[in-house]
Amino acid sequence: MTARIDSFEVRVFETETRSTRDHHGHRHPGPLAAAHEALVTVRDSEGAEGHVLTPVRNVREDAFADPLLRGLVGRPVMSVEQVMRDVVMAQRGNPVDIADRRIAVVDELLWDLIGVRAGAPVWRLLGGAQERVRAYASTMCGDEIEGGLATPEDYARFARQLVEQGYRAIKLHTWFPPVAFAPSVKRDIEACAAVREAVGPDVDLMLDGYHWYNRQEALTIGRAIEELGFRWFEEPMEEVSITAYRWLSDQLDIPVIGPETASGRNLSRGDWAHFGAVDILRIGPQNGGGITSSMKALHMAESLGMTCEIHGNGAASLAVVAATYASQFYERGLLHPHSDYDWLPPHLSGQVDPLDDDGGVTLHERPGIGQQIDLDHIRRHTVRAYEVTA
Ligand code: MG
């Protein structure tokens, strides 16, 4: 008998954070503060478990338990294609509750369980291409914090620190509203120039700036960072117009990369590749429909002679980057002069992505996705929980 999904358990627990979010959702450094997070557990008919951590908003019972989880009880654990097809088909009739980020939680849960059952890390089960991956330092967005990321000189100083820490590649996120002076084409270019000057020609640099520039503004920035030898130009315009991105990619020599936030999972990536909208594809497990969808985009990119870079940090992103040769970097961040990325919240017992002194991350050999979760801490600090069975 094949193992089948038996039940799900959702726990909201108290932990600690050192970051805050502005009202556009951008993270900035903050004081040590109490926070809530959620753990979702899947159990199979043989007692094996998979776990995924996710923001509390993703596990609201009325939007998660019945619309998504309950229908999966009884499904074969190893048939992830079969289960995920049912989930994405159900999205059509209930796109609000069955959002891509909730789909991703289910998909990552299944992969974690499959890895645990196999006694193997998921990145190896998915192909196991790269035992060590190159990482880039991905900065937080610009701000107005003293000694933070408020000026081009701040970015330059921070970039020098990052190179001293071992990074060999850096991606700048520049200024967004609600920062008063954002957006600014001129200031974005000045920050890029200051960082290139600070780190010299041998460090790979990328820009991810304001996402609502028009074509001409994007072209101006793209030409400037082309001159500065940047490696890619990310999401300068809204990701709803393939035509606008195709126009931009046609004008620039520097590779344009995307889409990061477009809906449609791997299917939309197919169109972006087919219509020549970008030079480098992009998807991520968290908002691109999970590991399964990201793997389809990676294999498609490789088959077309393209690369595909993975959005976001964490265990699932790292697994997907390492699985094939189509990704060239792991995104390590977000980083800020006033924030310690290597600080562990109390519900984690270890880090999934320790940086080595030459800008790389060596993959772990733990069964499953590989996140080191302190389940005892979570049980002791649970504030509410629910279970989903048949
Ligand atoms: Mg981005």
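Reckoned from all heavy atoms, side chains included, excluding hydrogens, waters and symmetry mates. One-based numbering, in listed order, for ligands and for the atoms of each.
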Query raised in the report: Which is the closest N/O/S atom of Asp208 when seen from the Mg ion (ligand 1)?
Result: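 Atom name returned: OD2.
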Requested in this report: Report, rounded to 10°, the angle at the Mg ion (ligand 1) between the two atoms OE1 (Glu260) and OE2 (Glu234).
Outcome: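 It is 90°, given to the nearest 10°.
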Requested in this report: Could you tell me whether the Mg ion (ligand 1) has an N, O or S atom of Glu235 under 2.8 Å away?
Outcome: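 So Glu235 does not count as coordinating the Mg ion (ligand 1).
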**Report entry** Working for side chain to side chain contact (heavy atoms under 4.5 Å, CB included), residues Arg215 and Leu248
**Finding:** CA-CA 7 Å; Arg215 292 183 188 194; Leu248 185 68; over 6 Å; no
Query - Donor-acceptor side-chain pairing of Asn287 and Glu260 below 3.5 angstrom - result: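 Note: Asn287 and Glu260 side chains miss the donor-acceptor criterion.
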**Report entry** Donor-acceptor side-chain pairing of Tyr330 and Asp353 below 3.5 angstrom
**Finding:**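 Yes, a side-chain donor-acceptor pair sits under 3.5 Å.
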Query raised in the report: Taking the six-membered ring for Trp, are Phe13 and His347 ring centroids under 6.0 Å apart?
Result: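 Under 6.0 Å, so yes.
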